[in-house]
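Quick notes on the structure that follows.
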Amino acid sequence: MKETCNDCQNWLKRGEEVNHQAIYKYDEAMREYFKMYKFSGHYQLRQIFAQEIKKVIKTYKNYTVIPIPVSSKRLEERGFCQVTAILEWCDIPYTQVFVKNDSENQSTKNKQDRLETKGTFSIIKGNNFPMKVLLFDDIYTTGSTINQARHMLRQEGIKEIKSLSIAR
């Protein structure tokens, strides 16, 4: 039986549905990996977790993978989106539905600031929205980013939304 974590319990108390899975624990080794991958630009590190990511995503049959995007400013700074780069390396099809509004980097915010952040995304107009969605992100910290994306998709009429992150 799976336990519901404290963050998920808090989201549920607010009336928010939570259906999230993380593949790995966000510990010191994972922190170092993402520091090298995202902030030092070691693009080749996108392949490290490929086999496990492929295996886990295959369990979400008939779900359309929707990545959580980076802002155009982060994309320009890094030269790649860490989330879509991993999906592409894994040869996992995805649909880009969101554009991230330029904002302060999430890694510079504390938990309360992350929870209070609003207006992170815009939806790309003209999308044919799938009925079953798997939101995919690199790191789940507070759930705020995933929850904002989930809320926007619900407004588009999508009923079945799950989320997956590499680490939590």
Side-chain angles (χ1 to χ4, degrees), residues 2 4-5 7-24 26 34 37-38 43 45-76 78-103 105-106 114-115 117-168:
K2 291 184 181 178
T4 304
C5 72
D7 279 338
C8 292
Q9 288 175 21
N10 288 333
W11 285 115
L12 290 168
K13 285 177 188 172
R14 294 178 184 183
E16 299 289 346
E17 179 185 334
V18 178
N19 195 334
H20 184 79
Q21 177 186 0
I23 300 172
Y24 300 101
Y26 190 70
F34 280 110
Y37 177 50
K38 290 167 60 169
Y43 183 68
L45 291 177
R46 73 193 183 286
Q47 58 194 286
I48 297 262
F49 304 116
Q51 291 307 104
E52 190 65 21
I53 291 168
K54 283 184 200 182
K55 186 173 95 178
V56 172
I57 286 184
K58 280 183 183 178
T59 66
Y60 292 92
K61 291 184 170 127
N62 302 316
Y63 279 79
T64 299
V65 175
I66 295 179
I68 299 296
V70 295
S71 69
S72 57
K73 181 179 177 183
R74 296 292 161 263
L75 187 59
E76 187 177 316
R78 290 186 191 140
F80 64 96
C81 170
Q82 71 275 4
V83 176
T84 57
I86 290 169
L87 291 171
E88 288 164 5
W89 178 261
C90 293
D91 201 27
I92 295 169
Y94 63 88
T95 301
Q96 195 69 56
V97 170
F98 298 108
V99 172
K100 185 162 186 190
N101 303 323
D102 283 328
S103 63
N105 196 344
Q106 288 285 10
R114 288 175 191 226
L115 289 170
T117 300
K118 302 279 187 256
T120 303
F121 306 108
S122 299
I123 288 186
I124 299 169
K125 297 298 176 199
N127 272 308
N128 290 326
F129 292 98
M131 296 317 298
K132 295 168 77 171
V133 166
L134 177 65
L135 293 169
F136 182 69
D137 204 0
D138 55 351
I139 303 168
Y140 178 112
T141 306
T142 64
S144 181
T145 301
I146 295 275
N147 203 44
Q148 285 182 52
R150 180 182 291 112
H151 182 70
M152 292 179 80
L153 292 172
R154 289 236 183 273
Q155 289 179 327
E156 296 295 330
I158 299 170
K159 304 258 187 279
E160 195 164 338
I161 304 168
K162 296 183 179 186
S163 56
L164 174 69
S165 63
I166 296 170
R168 172 156 193 321

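Sequential numbering from 1 along the given sequence is applied to the chain's residues. Please read all numbers here as calculations on a predicted model, not as lab measurements.
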ask   = Taking it one step at a time, do Val97 and Leu153 satisfy side-chain contact (heavy atoms from CB on, under 4.5 Å)?
value = CA-CA 9 Å; Val97 170; Leu153 292 172; 4.1 Å; yes

ask   = Stepwise, does the side-chain contact (heavy atoms from CB on, under 4.5 Å) test hold for Ile166 with Phe34?
value = CA-CA 10 Å; Ile166 296 170; Phe34 280 110; 4.1 Å; yes

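At a threshold of 4.5 Å between non-hydrogen side-chain atoms, the residues Glu160 and Met131 do not count as touching. At a threshold of 4.5 Å between non-hydrogen side-chain atoms, the residues Tyr94 and Ile66 do not count as touching. Between Val99 and Pro69 the shortest side-chain heavy-atom distance does not fall below 4.5 Å. Contact check for Val83 versus Asp137: side-chain heavy atoms found under the 4.5 Å cut-off. Between Glu156 and Val133, the closest side-chain pair of non-hydrogen atoms is not below 4.5 Å. Side-chain atoms of Phe80 and Val70, non-hydrogen and from C-beta on, never get closer than 4.5 Å to each other.
To the nearest 0.5 angstrom, Ile161 atom CD1 is 10.5 Å from His151 atom NE2. With rounding to the nearest 0.5 Å, the separation of CZ in Phe98 from OG1 in Thr120 is 10.5 Å. To the nearest 0.5 Å, atoms CD1 (Ile139) and CD1 (Ile146) are separated by 11.5 Å. Distance check, rounded to the nearest 0.5 Å: CD1 of Ile57 to CZ of Phe136 gives 5.0 Å. Distance CZ/Arg154 to CG/Asn147: 9.5 Å, rounded to 0.5 Å. For the atom pair Tyr37 OH and Ile48 CD1, the distance stands at 10.5 Å (nearest 0.5 Å).
Of all heavy-atom pairs spanning Tyr60 and Ser163, the tightest one is OH-O, 4.4 Å. Taking all atoms of both residues into account, the shortest heavy-atom contact from Cys90 to Lys54 is O-CE, 3.2 Å. In terms of heavy-atom proximity, Leu87 sits nearest to Pro67 at CD1-CB, 4.0 Å. The two residues Phe121 and Thr145 have their closest heavy-atom pair at CZ-CG2, 3.4 Å. Residues Arg168 and Ala22 share a closest heavy-atom pair of CB-CB, 3.4 Å. Heavy atoms only, all atoms of each residue included: Ile68 and Leu135 are closest at CD1-CD2, 4.3 Å.
Under 4.0 Å is where a charged nitrogen must lie from a carboxylate oxygen, and between Glu76 and Lys73 no such pair does.
In this structure, Arg74 contributes its side chain and Cys81 its backbone to no donor-acceptor pair below 3.5 Å. Although no hydrogens or angles enter the test, the distance criterion places no donor-acceptor pair under 3.5 Å between the side chain of Gln82 and the main chain of Thr84.
For Lys132, the NZ atom is densely surrounded, since the number of other residues' heavy atoms within 6.0 Å is greater than 12.
Aromatic pair Tyr24/Phe49: ring centres closer than 6.0 Å.
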